[in-house]
Q: 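This is the structure I have questions about; it appears just below.
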Amino acid sequence: MSKRIYSRIAGTGSYLPEKVLTNDDLTKIVDTSDEWIQSRTGIRERHIAAEGETTGDLGYNAALRALEAAGIEPSQLDMIIVGTTTPDLIFPSTACLIQARLGAAGAAAFDVNAACSGFLFALSTADKFIRSGDARHVLVIGAETLTRIVDWSDRTTCVLFGDGAGAVVLKADEETGILSTHLHADGSKKELLWNPIGVSTGLDQPGKILMKGNDVFKYAVKALDSVVDEALHANGLDKSDLDWLIPHQANLRIIEATARRLDMPMEQVIVTVDKHGNTSSGSVPLALDAAIRSGRVGRGQLLLLEAFGGGFTWGSALLRY
Ligand code: COA
């Protein structure tokens, strides 16, 4: 009987633009305060892409680090998937641009747009290709320059977002890796968090993020509660089996609510929102890479990743690292 194939994380990497914008810096742009931002969101600072620095640049640099950590050459990649909602171009995809720079000729390359859940949607897609035997090595990237679509005169949104990228290299392995992924969406809530600019709808809209923060907050907490329950139930696991929660980094209060649902002390939760803000698709792989490189997350541990974003979209990945 042939053995079951899993996707395992062979290596991770991340990249943040050099420029840091603190809460105090923001007080010079909009009517806000460090105290308000920290108490409502947990954010202290965020990184901002330099002029001319693109999502593809951030994703490429994160990818180089992930490939190095995995000990895998670009020529070994079968597929590159980029989760992003701020692609460099309408086409080709950011994944194609990164594929060319890496010299991974022939590897399939495409973007996935699921807003802040983009990385988990990309990871889940990669996992399916590996489990089916159609791919052995897949580079999965979450990369964003969300500050490019922020309305810098809107204090209710501009304080929340940052730029950055994270990446993982998945490889086919007989040892347990990703145990499950679960993805969901509810398009009927699109106007609670969206950017109404489009191509086929016309380019005459403002093209900035619009959000009803209170509604998003409530919906996110409920959806994340249900998706973490779903992940544990599907694997016959108990909350106490988890070693780490690696959540989407949008708001510390949302993260704390999910941790409470799982009876997890905050010592078992990876938090980077204070330093990164909400980097959308970049946030989960950035947090994962920070946790691995700092030595907190180790091989063999059980990790629960989750995310929620515009669409609405939400999802989870339960994996043994
Ligand atoms: N600085 C100072 N005051 C601000 C402010 C800012 N940056 N942004 C909003 N305010 C004000 C509002 O104008 C409002 O003032 P008012 O009472 O005089 O009208 C007051 O603060 C409270 O606003 P409210 O929207 O009720 O605050 P909140 O406690 O809900 O926090 C968010 C706002 C955005 C932080 C919160 O709703 C949130 O995090 N939502 C989820 C957003 C999210 O994570 N989105 C991405 C999902 S991927």
Side-chain angles (χ1 to χ4, degrees), residues 21-46 83-86 112-122 142-147 149-164 166 183-187 189-195 208-228 246-259 269 271-274 276-287 305-316:
L21 193 71
T22 65
N23 290 348
D24 281 337
D25 294 333
L26 278 166
T27 64
K28 294 172 194 124
I29 303 171
V30 285
D31 180 15
T32 190
S33 66
D34 178 47
E35 196 281 320
W36 192 96
I37 301 171
Q38 277 205 49
S39 63
R40 303 290 172 123
T41 70
I43 300 168
R44 293 164 187 268
E45 58 188 37
R46 71 287 292 144
T84 189
T85 193
T86 48
V112 167
N113 178 351
C116 295
S117 312
F119 175 75
L120 283 182
F121 276 58
E144 302 277 12
T145 45
L146 226 70
T147 66
I149 55 167
V150 154
D151 178 353
W152 289 104
S153 66
D154 176 7
R155 67 177 182 172
T156 69
T157 52
C158 77
V159 302
L160 302 176
F161 298 100
D163 301 329
L183 307 178
H184 299 281
D186 181 355
K189 303 290 185 296
K190 72 174 192 293
E191 283 163 34
L192 296 179
L193 172 56
W194 68 327
N195 182 337
K208 301 293 179 195
I209 295 172
L210 302 175
M211 182 177 74
K212 296 200 167 64
N214 270 311
D215 294 328
V216 175
F217 191 100
K218 285 181 217 145
Y219 205 98
V221 169
K222 240 197 255 170
L224 291 170
D225 277 357
S226 102
V227 88
V228 298
I246 306 188
H248 173 46
Q249 309 284 322
N251 181 311
L252 187 59
R253 291 184 296 146
I254 298 178
I255 295 173
E256 287 169 343
T258 309
V269 181
V271 175
T272 52
V273 70
D274 54 331
H276 301 167
N278 181 350
T279 57
S280 188
S281 284
S283 105
V284 171
L286 267 162
L305 283 46
E306 46 85 336
F308 180 88
F312 289 140
T313 56
W314 63 101
S316 72

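Owing to the predicted nature of the structure, the values given are computational and were not obtained by experimental measurement. Indexing begins at 1, ligand by ligand and atom by atom, following the structure's order.
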Q: Between Thr32 and ligand 1, which part of the residue brings a heavy atom under 4.0 Å of the ligand: side chain, backbone, both or neither?
A: both
Q: Can you tell whether the side chains of Asp186 and Lys189 come within less than 4.0 Å, N to carboxylate O?
A: yes
Q: Give the residue and atom name of whichever protein heavy atom lies nearest to atom 10 (N) of ligand 1, and the separation in Å to one decimal.
A: Trp36 CZ2, 3.4 Å
Q: Answer side chain, backbone, both or neither: which part of Thr41 comes under 4.0 Å from ligand 1, heavy atoms only.
A: side chain
Q: For Leu192 and Asp215, work out which heavy atoms get closest and say how close.
A: CD2-OD2, 3.7 Å
Q: Quick one: does any side-chain atom of Thr27 pair with a main-chain N or O of Asp34 as donor and acceptor, under 3.5 Å?
A: no
Q: Tell me: protein heavy atom nearest atom 41 (C) of ligand 1, and distance?
A: Gly213 O, 3.6 Å
Q: Are any of the N or O atoms of Arg155 closer than 3.5 Å to those of ligand 1?
A: yes
Q: Is atom 6 (C) of ligand 1 touching the protein, meaning some protein heavy atom lies under 4.0 Å away?
A: yes
Q: Taking 4.0 angstrom as the limit and counting only heavy atoms of Cys116, give me the atoms of ligand 1 inside it, by number and element.
A: 48 (S)
Q: Any idea which atoms of ligand 1 are less than 4.0 Å away from a heavy-atom of Asn278?
A: 46 (C), 48 (S)
Q: To which protein heavy atom is atom 22 (C) of ligand 1 closest, and what is the distance rounded to 0.1 Å?
A: Arg40 NH1, 3.7 Å
Q: Which atoms from ligand 1 have a heavy atom of Ala250 less than 4.0 Å away?
A: 44 (O)
Q: What protein heavy atom sits nearest atom 30 (O) of ligand 1, and how far off is it?
A: Asn214 OD1, 2.9 Å
Q: Evaluate the ring planes of Phe308 and Tyr219, with Trp represented by its six-membered ring, and classify them as parallel (under 30°), tilted (30 to 60°) or perpendicular (over 60°).
A: tilted
Q: Under the rule for side-chain contact (heavy atoms from CB on, under 4.5 Å), what residues qualify as partners of Glu191, not counting sequence neighbours?
A: Trp194
Q: Are any non-hydrogen protein atoms located under 4.0 Å from atom 16 (P) of ligand 1?
A: no
Q: Within the protein, is there a heavy atom lying under 4.0 Å from atom 25 (O) of ligand 1?
A: yes
Q: Taking atom types as modelled and ignoring hydrogens, do the side chains of Thr157 and Asp154 form a donor-acceptor contact shorter than 3.5 angstrom?
A: yes
Q: Does Thr156 approach ligand 1 within less than 4.0 angstrom via side chain, backbone, both or neither, non-hydrogen atoms only?
A: both
Q: Does a donor on one side chain sit under 3.5 Å from an acceptor on the other, for Asp163 and Thr147?
A: yes
Q: Which residue holds the protein heavy atom closest to atom 45 (N) of ligand 1, what is that atom called, and what is the gap in Å?
A: Met211 SD, 3.3 Å
Q: Which atoms of ligand 1 are found less than 4.0 Å from any heavy atom of Val159?
A: 7 (N)
Q: Taking atom types as modelled and ignoring hydrogens, do the side chains of Asp151 and Ser153 form a donor-acceptor contact shorter than 3.5 angstrom?
A: yes
Q: Would you check the N or O atoms of Asn251, main chain and side chain alike, for any that come under 3.5 Å of an N or O of ligand 1?
A: yes
Q: Under 4.0 Å from a heavy atom of Arg253: which atoms of ligand 1 are those, numbered in the order shown and with their elements?
A: 29 (O), 31 (O)
Q: Locate the shortest heavy-atom distance separating Thr86 from Ala143; write the atom from each residue and the value.
A: OG1-O, 4.3 Å
Q: Scan the protein's non-hydrogen atoms and note whether one is under 4.0 Å from atom 32 (C) of ligand 1.
A: no
Q: My understanding is that only one of Asn278, Leu193, Thr313 makes a side-chain contact (heavy atoms from CB on, under 4.5 Å) with Cys116; could you say which?
A: Asn278
Q: Just by distance, no angles: are the side chains of Thr279 and Glu144 close enough, under 3.5 Å, to form a donor-acceptor pair?
A: no
Q: Is atom 19 (O) of ligand 1 close to the protein, meaning a heavy atom under 4.0 Å from it?
A: no
Q: Which heavy atom of Arg40 sits nearest a heavy atom of Arg253, and at what distance?
A: O-NE, 2.9 Å
Q: With heavy atoms of Phe308 as the reference, note each atom of ligand 1 found under 4.0 Å away.
A: 48 (S)
